[in-house]
Amino acid sequence: MAQAALGAAGLHFDELNKLRVLDPEAAQQTARLREECGAFLDRIVEFQKIVGSLIELVDQLAKAAETEKMKAIGARNLLKSIAKQREAQEQQLQALIAEKKMQLERSTSEDQDDGATKAMAATSRGHAASCSALPAPLGRSRRT
């Protein structure tokens, strides 16, 4: 009867016979909920650690990818510059070839001109020699 009167007033005895304001079943549920919340918090902390390490790993991979990307861009730019250098060198060589061809043509034409001049000189000498063998016109003496 005393327990019923106390129960009506909202007071209860627990298993250790301590006076409680909460009914024992609600107290047990509260204790169980507290334990579950603690376990849940532990799992949340572990999840945060895992996510933190995953974020760090992704950041490292992103940095590595960025580094490789920069290396690739540098290599591509280097190849482009090498190709441009080769084009410039090829143009220089083409210009040099054209210049050498022009020099060759000038030398060849000069040689031909010299040959023609020598032939004309030889023909002139031969003609002069044949003219000197002719008798001198009257009134003029031959030079010797």
Side-chain angles (χ1 to χ4, degrees), residues 3 6-144:
Q3 281 187 347
L6 286 175
L11 297 173
H12 306 280
F13 286 101
D14 66 3
E15 60 273 354
L16 299 175
N17 289 326
K18 289 189 178 180
L19 188 60
R20 303 283 180 190
V21 177
L22 221 45
D23 119 47
E25 192 174 312
Q28 285 177 350
Q29 288 177 352
T30 304
R32 201 174 6 190
L33 182 61
R34 185 176 296 127
E35 289 173 9
E36 288 177 10
C37 285
F40 179 75
L41 284 176
D42 290 343
R43 286 185 286 177
I44 291 293
V45 168
E46 184 65 27
F47 178 74
Q48 285 178 337
K49 288 179 184 177
I50 291 170
V51 168
S53 64
L54 179 64
I55 289 172
E56 287 178 20
L57 179 64
V58 169
D59 284 343
Q60 289 174 356
L61 290 174
K63 287 178 184 178
E66 189 67 26
T67 302
E68 291 301 316
K69 178 181 166 186
M70 289 301 184
K71 284 180 184 178
I73 289 172
R76 182 179 62 197
N77 289 341
L78 179 64
L79 287 174
K80 283 182 181 178
S81 70
I82 289 173
K84 286 181 182 179
Q85 286 176 351
R86 285 188 179 170
E87 281 182 25
Q89 186 180 18
E90 182 181 350
Q91 288 176 353
Q92 288 175 346
L93 291 174
Q94 291 293 340
L96 184 64
I97 289 171
E99 183 181 331
K100 293 296 181 181
K101 282 183 179 178
M102 289 175 58
Q103 286 178 355
L104 179 63
E105 287 176 12
R106 273 187 264 141
S107 295
T108 304
S109 65
E110 286 175 3
D111 288 346
Q112 289 175 353
D113 288 347
D114 286 346
T117 306
K118 287 179 184 177
M120 286 173 52
T123 306
S124 296
R125 276 187 255 132
H127 183 65
S130 63
C131 287
S132 63
L134 294 176
L138 294 175
R140 291 190 189 162
S141 64
R142 233 198 296 172
R143 289 187 191 171
T144 50

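From a predicted model like this one, the values you see are computed outputs, not experimental measurements. Keep in mind that the numbers below use all heavy atoms, side chains included, and drop hydrogens, waters and symmetry copies.
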N/O donor to acceptor pairs below 3.5 angstrom from side-chain atoms of residues 35-55, sequence neighbours left out:
| unit_1 | atom_1 | unit_2 | atom_2 | d |
| --- | --- | --- | --- | --- |
| S53 | OG | K49 | O | 3.4 |
| S53 | OG | I50 | O | 2.8 |

Please list every donor-acceptor pair under 3.5 Å in which a side-chain atom of residues 86-96 meets a protein atom from a residue at least two apart or in another chain.
none

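Summarising the local packing, CD of E25 is surrounded by 12 or fewer heavy atoms from other residues, nucleotides or ligands at distances under 6.0 Å.
For the atom pair CG (L104) and CE (M102), the distance works out to 11.5 Å, reported to the nearest 0.5 Å.
The list of salt bridge (Lys or Arg N to Asp or Glu O under 4.0 Å) pairs with a residue in residues 55-82, not counting sequence neighbours, reads E68-K71.
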